[in-house]
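What follows is one structure encoded as C-alpha cells, with my remarks underneath.
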Amino acid sequence: MAAVTNPFTAGTWVMEPKPQNIWGVPHTSWFFAMGVGGALFINRALFGVELGRIMGMAVADLLSMILIGIGGLILIGDLGKPLRVLRALLNPRTSWISVGAIADFVFLILDGLWVIADLEWQGARPFAGLPWAGNSPLGIAFQVIAGAAAFIVIVYPGLVLAASPSIPFWNTTLIPLQFLSFAFASAVGLALIFALWLPVPPALLTTWAGAEILLLAATLLLFVAHLIQGSASHATAKVSVARLLKGELQVPFVWGTLIAGLLLPLLLGLYGAFAASPAPGWLAISALLTLPGNWLSKYTVIKAGSYAPFL
Amino acid sequence: MRYGMVIDLKKCIGCTGCALVCKTENATPPGILWLRVVKQESGKYPQVRRVSVPLQCMHCAEPPCLEVCPTGATFQHPNGIVDIDAEQCVGCRYCMMACPYDQRFFLSAERTYFPGHTTPFEQAGYQRHQAGVVSKCNFCTPRLNRGLEPACVANCMSRARTFGDLDEPNSEVSKLIRDRGGYQLYPELGTNPSIYYLPP
Ligand code: SF4
Ligand code: SF4
C-alpha cells in the first residue's frame, strides 16, 4: 500500500519531541567502562602501550578485563530479568546488543586465559607451558580474536544508539566514531597518568602525548560535526542540539565535555608535550580531565536523545 | 495474509472505550496502556479542529523493535502481527528505544490497582504479565485464535475500527484505505505500519 502523509496535520507536529528517559547513568557507565577497557587492551596488544605489571600480571590486560567486566555487570544489573542474560546472545544477525554481548564474553574468556599464561611469579612464568602462552600460534590467535572483540566492545554501544530510527539525534555513524576516538584518548590518557610512576623514556612519552593530542582533536571535531549535522538534519535532532547547547544539558555538555573534557586537555597536552621538554605532570593532568569528559559526553548524548513526534 | 486495522477518525468520538476494553480484555497492570486515545488539535482560532486519535502498536511490516531485540523475544507471526514471547524477554528495553510510536511498556515490578489488595480479576489476569519484561498490543491474538475480532474493534460503539487482511485487495480494510485515502503515521521511517487512519 503506497504511503500517504497525514492530511490532517499537513506536516505540522501535534506532539512535542519526547526526551527518552529509559537510558541514563547505568548505561553511560557501561559504555564508558567498556570503551576504555577495550582501548587499553588494543593499545597494549597492537601498539605496545604497557602500563607496567601488578602481582605478576600486565596492568593493561588486567584493567581492561576489570573494566569490561564492570560494564558487563552493569548491563546485566540493568536487565529486567538478569538471570536470563545468556539469551541476549541469540540474535547477532540484527541486534547490536547481541553482537556486543557475544564480544564481551569472548574478550573476557580470551583475555583471562592470556593473563593466566602471561603470569609472572617470583621471577618465573609458572604457566608458560600452556599452548597459548607467549608468541605461540595459538597465543597470537587469542590476541587477535581478543583484539577484534575489544574493538567491537568499544564501538557497539555507539552502534546500538546509531541504529535507533526513532531518535534522530542518535541516528548517525558519528556516534560510534566518537565512542571510538574518546575511548582511545582515555586509554592513552591512562598511560600518561601511569607514566608518572613508570620509567617511560621522554621520546616515548612525547609519542604518547602526540597520539593523545591527535585523538582529542579528532574527538572534538567529531562532536562539532555531530552538532552541525544534528542542527541541519531532522527537526527533532535540532531540539536535541538545543538541549545540549542551551538547555538543561548545557553545563555537563559544553563545560564538562567540550571545554573541560576536550579543549582544555588538548591545550594542556600541547603545552606538556611541546613546551621545553615533555612535562609528565601537565600531561597527566590533561589525561585526567579526559576521563570525566568522556563519561559526561556519553551521558549528555544519551540524555539529549528525543523521540521524534509521530502525530 | 497481513492483518491490519483501519481507524476512521471521522467516526471516532474519543470515548476511550477501546482503551478501557483493552485493559479489561488483557488485564494490563496499572501504568501499562497498550491502547490510548490522544487528542489532536490543529488550526488557529477560530478555525480550530480537535480530533481523537487512538494509538496502539502499529504492527509494522518492517518493525524496528524486532530487529534490535537481542533474544528474539520479539517476533512476527506469519499473519504480520508483531508479538513478544515474555519467556524469552530479558527486559533490556532496547525495543522501547527503537519503537518510533512509543507503544512498548516495561513492567518494572508487580503493581495492583488497590494498594495491598489484589482483586480476583487481577489475580487471574496478572498471571499473563511478568514483572521485568516488556509488553504491548498483540491485536488480541488469543481472541483471533478463537475466531473473534480484537476487543477494541468488537466494542467500538461508533464502529470506527475495521479489522482485516491488508494483502487482500477486496477486503473491507483495503477498500477503505483505497477509497477514503487511508494514511499511516510517520511513513517516512519506512516501518510500514499495519494501522491506517481515515481522515477526519
Ligand atoms: S509500533 Fe512499535 S512496537 Fe509496534 S511493531 Fe511498530 S516498532 Fe514494534
Ligand atoms: S526488552 Fe525483551 S522484547 Fe524488548 S528488546 Fe529486550 S529482550 Fe527483546
Side-chain angles (χ1 to χ4, degrees), chain A residues 1-15 18 20-23 27 75-76 78-102 156-157 159-161 163-168 170-171 234 236 302 305 307-311, chain B residues 4 9 38-42 49 51 53 55 58 64-74 86-94 96-102 106-108 130-134 166-167 174 177-178 181-194 196-197 199-200:
Chain A
M1 207 71 67
V4 182
T5 44
N6 183 345
F8 180 57
T9 51
T12 59
W13 288 343
V14 172
M15 290 178 159
K18 181 181 157 196
Q20 72 80 21
N21 58 7
I22 300 169
W23 283 7
H27 306 84
L75 188 164
I76 293 170
D78 187 64
L79 296 178
K81 295 280 186 192
L83 297 178
R84 297 181 183 173
V85 63
L86 290 180
R87 292 190 185 156
L89 312 178
L90 294 176
N91 189 19
R93 209 172 49 81
T94 60
S95 169
W96 281 112
I97 291 260
S98 206
V99 172
I102 292 170
Y156 90 85
L159 291 163
V160 164
L161 299 188
S164 189
S166 53
I167 298 181
W170 291 354
N171 204 209
H234 196 286
T236 302
I302 287 174
Y307 295 96
F310 54 89
L311 266 185
Chain B
L9 298 183
V38 301
K39 307 292 175 185
Q40 193 182 24
E41 283 175 19
S42 77
R49 286 188 85 180
V51 170
V53 185
L55 293 173
M58 302 284 151
C65 59
L66 184 148
E67 273 196 17
V68 301
C69 176
T71 63
T74 295
E87 290 304 320
Q88 297 295 322
C89 176
V90 291
C92 67
R93 285 154 285 161
Y94 189 31
M96 293 175 71
M97 205 69 100
C99 171
Y101 304 99
D102 197 13
F106 179 65
L107 184 62
S108 52
Q130 292 183 31
V133 304
V134 164
L166 294 172
D167 281 347
S174 296
I177 294 165
R178 223 176 19 242
Y183 64 89
Q184 298 159 307
L185 295 184
Y186 211 170
E188 47 287 23
L189 264 193
T191 52
N192 194 0
S194 298
Y196 283 75
Y197 293 87

Among residues at least two apart in sequence or on other chains, which ones pass salt bridge (Lys or Arg N to Asp or Glu O under 4.0 Å) with A:Arg87?
none
Using a 4.5 Å cut-off on heavy atoms from C-beta on, say whether the side chain of A:Arg84 contacts that of B:Glu87.
yes
Between B:Leu66 and A:Asn91, the two heavy atoms sitting closest are O-ND2, 4.2 Å
Who among B:Gln130, B:Met96, B:Gln88, B:Met97 has the most heavy-atom pairs with chain A under 4.5 Å?
B:Met97
How close do B:Cys69 and A:Ser95 get, counting heavy atoms only, and between which atoms?
O-CB, 3.6 Å
Rounded to the nearest 0.5 Å, how far does NZ of B:Lys39 lie from CG of A:Leu311?
13.0 Å
Which region of B:Ala131, side chain (C-beta onward) or backbone (N, CA, C, O), has a non-hydrogen atom less than 4.5 Å from a non-hydrogen atom of chain A, or is it both or neither?
backbone
Over all atoms of both residues, closest heavy-atom pair of B:Glu67 and A:Thr94:
O-OG1, 2.6 Å
Do you know the tightest heavy-atom contact between A:Ser166 and B:Pro100?
CB-CA, 3.4 Å
A:Leu79 portion near chain B, given a 4.5 angstrom heavy-atom threshold:
both
Taking the six-membered ring for Trp, are A:Trp23 and B:Tyr94 parallel (under 30°), tilted (30 to 60°) or perpendicular (over 60°)?
parallel
Select one option (side chain, backbone, both, neither) describing which atoms of B:Val38 are under 4.5 Å from chain A's heavy atoms.
side chain
If you compare all heavy atoms of A:Ala308 against all heavy atoms of B:Tyr186, which two are closest, and at what distance to 0.1 Å?
CB-OH, 3.0 Å
Against chain A, label B:Tyr197 side chain, backbone, both or neither, depending on which of its atoms sit under 4.5 Å from a heavy atom there.
neither
Please examine the side chains of B:Asp102 and A:Tyr307, heavy atoms only from C-beta on, and report whether any two atoms are closer than 4.5 Å.
no
Roughly how far apart are B:Arg93 CZ and A:Ile22 CD1, rounded to 0.5 Å?
7.5 Å
Heavy-atom cut-off 4.5 Å, strictly under: side chain, backbone, both or neither for A:Trp170 against chain B?
side chain
Most heavy-atom pairs under 4.5 Å with chain B, out of A:Leu75, A:Val99, A:Val160, belong to A:Val160
Determine whether B:Val68 and A:Ile97 satisfy the following criterion, side-chain contact (heavy atoms from CB on, under 4.5 Å), listing intermediate values before the conclusion.
CA-CA 7 Å; B:Val68 301; A:Ile97 291 260; over 6 Å; no
Would you call A:Phe310 and B:Leu55 a side-chain contact if the rule is heavy atoms closer than 4.5 Å?
yes
Looking only at heavy atoms and a cut-off of under 4.5 Å, which of B:Ala98, B:Pro193, B:Cys92, B:Ser108 has the most pairs with chain A?
B:Ala98
Which residues pass the ring pair (Phe, Tyr, Trp, His ring centres under 6.0 Å) test with A:Tyr156, not counting sequence neighbours?
none
